[in-house]
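See structure below.
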Amino acid sequence: MRSPVTDYLGAVLRSCIDDGDEGEVATYIPELAAVDPDRFAVALCTIDGTVYAAGDAEHRFTIQSMSKPFAYALALADRGLEAVLEHVGVEPSGDAFNEISLEDNGRPRNPMINIGAITTHALTGPPDATAEESTARVIEGLSAFAGRQLEVDQQVYASERATSDRNMALAYLVRARGKLEDAPGDAVDGYTAQCSLVVDVRDLAVMAMTLAAGGRNPVTGEQVVPAWVCRQVLSVMATCGMYDAAGDWMSHVGMPAKSGVSGGVLASLPGQVGIGTFSPRLDRFGNSVRGVRACERLSSDMGLHLMQTPEVASHVLYGVVDPDDDGDRMREVKLQGVMHFAAAEVALRELERIPEGDEPIVLDLSRVSSANAVGRLMLREGVRRLERDGHAVRVDDPDGVLDD
Ligand code: GLN
């Protein structure tokens with residue numbers, strides 16, 4: 001059987017093409033101006049590493065600003081949150097991607113704009129890393145996110161480096177404020193190489209899914225960065241990833257995302273999907289017109305908006321068995337589903353109704369699929385309190401969902 005998902009992606013592309021061809025290809029990096037503006041592709045990666053793609057999925061392009069969240073992830077993993085926050089903030093700038101956005105203390109406002117990304121590049125690798133070592137770390141790290149060895153497009157690199165006066169100015173400014181660890185020229189060299197790594201939409205989807213899967217690449221199985229890093233990166237992508245259009249994007253599409261001037265967009269829905277799109281015509285914010293359109297469509301068709309109210313915990317109680325008078329049947333509370341705060345709270349309320357005394361109780365967790373830390377804590381505490389009240393509690397937990 002041919003997958004309906006692939007056909008669906010093809011239909012999304014066609015409908016986005018029908019909606020027009022507005023936007024302009026970026027020309028400030030001369031080499032980018034040479035691209036065919038009609039190229040259009042989309043890919044989607046699931047949590048188990050299945051990748052679907054449609055359109056010009058074989059076409060390769062430079063990653064540009066979509067590299068920023070991943071370099072930020074590597075800096076966080078290598079140096080820790082505190083050290084990175086000392087150098088780069090996490091506030092949306094409300095400015096264009098190449099603006100001088102510094103806080104009063106000299107910190108770039110966030111790692112998703114150029115000034116913050118140049119600073120972040122220099123924070124990768126161990127604290128004593130040379131500029132070359134940081135760049136090597138970024139290439140190796142981004143390759144791990146993609147699950148294959150990525151290469152620098154030397155022509156795009158040379159083209160951007162020859163015209164990067166503005167990025168040089170930004171680097172000198174942060175250096176003067178004591179926030180840039182490397183010499184400005186070295187940092188811009190490394191950052192430009194980072195932006196010139198060559199990817200396709202499948203790579204973007206896998207990279208986005210790796211962030212959405214707590215740092216574990218779903219294709220290779222490699223844990224690229226720790227889960228806490230992904231939470232931090234996705235948060236900053238949600239507020240700053242689409243530059244000046246971040247608010248519009250969040251309300252329409254509702255996924256942490258990042259765009260690049262080459263025309264790519266990547267989006268990560270935690271625990272669910274990674275998306276990559278490519279179409280070179282950009283809107284006035286520097287985001288791909290058709291890429292944004294495709295993501296809007298995917299989000300609304302597939303219900304991917306992060307802020308959409310999830311299924312509420314209304315079916316936590318699978319069943320409650322009341323004891324009979326001659327003591328043949330024990331009181332049983334049977335739970336089901338995922339035990340997070342809201343679900344465990346429903347369960348605790350049921351346990352609260354049990355009168356004090358020494359009647360035996362069975363807590364049946366055999367239909368509970370998983371529990372997070374707070375869900376485990378709450379259920380264990382419920383059991384502890386029942387025992388304190390005098391009950392003998394038997395917990396049926398065949399899958400060990402209450403174990404750490
Ligand atoms: N390399 C580009 C630059 O520094 C990246 C910008 C972007 O993709 N928005 O200008």
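Quick caveat: nothing in here was measured; it's all calculated off a predicted structure. Start at 1 and go down the list; that is how both ligands and their atoms are numbered.
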Pairing residues for His59 by the ring pair (Phe, Tyr, Trp, His ring centres under 6.0 Å) criterion, not counting sequence neighbours: Phe278
For Glu296, all residues meeting salt bridge (charged side-chain N to carboxylate O under 4.0 Å, His left out), sequence neighbours excluded: none
Inventory of protein N or O atoms under 3.5 Å from ligand 1 N or O:
residue  : atom   : partner : partner atom : Å
ligand 1 : 1 (N)  : Gln64   : OE1          : 2.7
ligand 1 : 1 (N)  : Glu160  : OE1          : 3.0
ligand 1 : 1 (N)  : Glu160  : OE2          : 2.7
ligand 1 : 4 (O)  : Asn114  : ND2          : 3.0
ligand 1 : 4 (O)  : Glu160  : OE2          : 3.2
ligand 1 : 4 (O)  : Asn167  : ND2          : 2.9
ligand 1 : 4 (O)  : Tyr191  : OH           : 2.7
ligand 1 : 8 (O)  : Ser65   : N            : 3.0
ligand 1 : 8 (O)  : Ser65   : OG           : 2.6
ligand 1 : 8 (O)  : Val261  : N            : 2.8
ligand 1 : 9 (N)  : Ser65   : OG           : 2.8
ligand 1 : 9 (N)  : Tyr243  : OH           : 3.0
ligand 1 : 10 (O) : Tyr28   : OH           : 2.5
ligand 1 : 10 (O) : Asn114  : ND2          : 3.1

Qualifying residue for side-chain contact (heavy atoms from CB on, under 4.5 Å) with Arg331, from Asp324, Val321, Val362, Ile354: Ile354
Can I get a per-line list of side-chain donor-acceptor pairs under 3.5 Å for residues 18-35, giving both atom names and the distance, sequence neighbours left out?
residue : atom : partner : partner atom : Å
Asp19   : OD2  : Arg297  : NH2          : 2.9
Glu22   : OE1  : Arg293  : NH2          : 2.6

Within 45° cone and under 6.0 Å: Lys68 NZ/CZ vs Phe97 ring: no
salt_bridge(Glu222, Arg216) N-O dist < 4.0 Å: no
